[in-house]
Amino acid sequence: MRILDRSPAQDELDDDADPELATEPVAASDVPAAVEPAPDVVVAASAEVLPSPEPEPEPVVADDVFARLRAESEAMTDAPTTSDVADVDEPQPVPGSDADSNEAETVATGALDEGGPFAMRAGLVEPLEKEMARALKRALADEQNEVLDTLRREKPKGVEDLLPALELHAARWTGAAVETLRQAASVGSGSGTTVSVDDLAEELALALVGPLRERIDRGFAASDGNLDDIADRVRALYREWRGQRLAETSQHYTAAAYARGAFEAIEPGTKVTWMIDPTVGACPDCDDNVLAGPLDKGESFPTGNACAPAHPGCHCLVVAAPS
């Protein structure tokens, strides 16, 4: 018989143990005289293999679960597929719905079909845009050389000393652009007739030289008389104009000249409609012009324009309304 006693070391270990895991002390009288080995220990030590117990029958509850799962699986198999649902439930366009609105917008913008007005314009105007851009770049290069030479020789104090007066300055650019604009208007009319575009050429010139002169004037103020700094600013400015600005200007004004020629070719008294170039998109103003519907030729659209363009960058056309 084993007598349970406690040593001082054991007491110290118990003091360090987790108080929640501590157990009540067991009296010696409560300990059985002999501890029989657990049945699983005997089985593990024995070489005899015990027969496996007979499997118990499945409970009735499990049968019910499997039956329910089979029923759900059969229900999913019988359910319609995604394609079946699409065939049955696909909504059809309703008159007055968004589908009809989109179709109307496509008609209003003039789809780029082979015989459409915008496809025709693209083929006729593209070479003129390139010709215009080359002419403007030559004028810009000549002007830049003159400006830099003046900076070296005359030491100007401001833009008025560096460039000609505004009217003379703009006239140079008008002369560089007007002939190409006349060609664009002529092909737009379809008859080879001459259409006046002098006002468009003057507008183009002012659109280029006005901001240019303003920027050069600000450069003089910022440089505080340092001509080397002004020369660097002038080179950067003309480089900027030679890039995107000249390309955008050429594209806009050749399209405007073509639109004027196409408008002039329409017989007086004809109903006309505003059409948006689908490759460029519309602004709210041009949308209003489209919604105005057919008007008599010469009557102003909501933007106040009888003929396109309505604003810089507008590539719309005014064409004869379908009869």
Side-chain angles (χ1 to χ4, degrees), residues 102 104-136 173 177-190 195-208 211 241 243-266 270 272-295 297-322:
N102 293 337
E105 182 179 353
T106 301
V107 174
T109 56
L112 286 173
D113 56 342
E114 186 175 351
F118 295 104
M120 183 182 301
R121 184 185 67 183
L124 294 172
V125 169
E126 183 177 358
L128 296 176
E129 288 179 7
K130 294 178 180 178
E131 181 180 338
M132 169 79 78
R134 286 193 295 268
L136 295 181
W173 290 87
V178 67
E179 186 55 37
T180 306
L181 293 179
R182 287 173 181 161
Q183 295 178 38
S186 178
V187 298
S189 69
V195 179
S196 177
V197 292
D198 290 351
D199 58 324
L200 287 178
E202 293 171 1
E203 184 181 323
L204 176 152
L206 290 174
L208 288 173
W241 252 242
Q244 185 176 1
R245 187 178 289 265
L246 288 188
E248 291 177 346
T249 301
S250 301
Q251 186 181 46
H252 173 73
Y253 282 96
T254 51
Y258 180 95
R260 178 173 295 185
F263 181 79
E264 293 294 336
I266 301 173
T270 304
V272 295
T273 185
W274 193 282
M275 297 184 73
I276 296 169
D277 184 350
T279 64
V280 177
C283 68
D285 290 339
C286 291
D287 281 337
D288 290 342
N289 289 346
V290 172
L291 295 175
L295 303 177
K297 179 187 175 182
E299 187 178 352
S300 295
F301 285 88
T303 57
N305 305 90
C307 176
H311 54 80
C314 173
H315 283 196
C316 297
L317 288 172
V318 173
V319 300

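Nothing fancy with the numbering, it's 1 onward along the sequence. None of these values were measured; they are calculated from a predicted model.
We find the CG-OG distance between L124 and S186 to be 10.5 Å, quoted to the nearest 0.5 Å. A distance of 7.0 Å separates OG in S250 from CG in L204, rounded to the nearest 0.5 Å. Taken from NE2 in H252 to CD in E203, the straight-line distance is 6.0 Å, to the nearest 0.5 Å.
Legend: residues meeting side chain to side chain donor-acceptor pair (under 3.5 Å) with E129, ordered by chain and number and at least two apart, are absent.
Across all their heavy atoms, T254 and L181 have their closest contact at N-CD2, 4.0 Å. Nearest heavy atoms, W241 versus P211: CZ2-CB, 3.7 Å. The minimum heavy-atom distance between G123 and P127, with the atom names listed, is O-CD, 3.7 Å. Scanning both residues, A185 and V197, for their nearest heavy atoms gives CB-CG1, 3.7 Å. Between F301 and A306, the closest heavy-atom pair is CE1-O, 3.8 Å. Scanning both residues, S189 and V195, for their nearest heavy atoms gives CB-CG2, 4.5 Å.
L208 has its side chain within reach of L246: a pair of non-hydrogen atoms, C-beta onward, lies under 4.5 Å apart. Here the side chains of E299 and V272 are not in contact, with every heavy-atom distance at 4.5 Å or above.
Here E179 pairs with R182 in a salt bridge; the nearest charged N to carboxylate O distance falls below 4.0 Å.
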Compile the donor-acceptor pairs under 3.5 Å between side chains in residues 255-266 and protein atoms, sequence neighbours left out, one pair per line.
residue, atom, partner, partner atom, Å
R260, NH1, S196, O, 3.0
R260, NH1, D199, OD1, 2.7
R260, NH1, D199, OD2, 3.3
R260, NH2, D199, OD2, 3.0

With a cut-off of 3.5 Å and sequence neighbours excluded, list every side-chain donor-acceptor pair involving residues 308-318.
none

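N289 and T303 form a side-chain donor-acceptor contact under 3.5 Å, judged by distance and modelled atom types alone.
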| field | Test side-chain contact (heavy atoms from CB on, under 4.5 Å) applied to T180 and Y253, step by step | value | CA-CA 10 Å; T180 306; Y253 282 96; over 6 Å; no

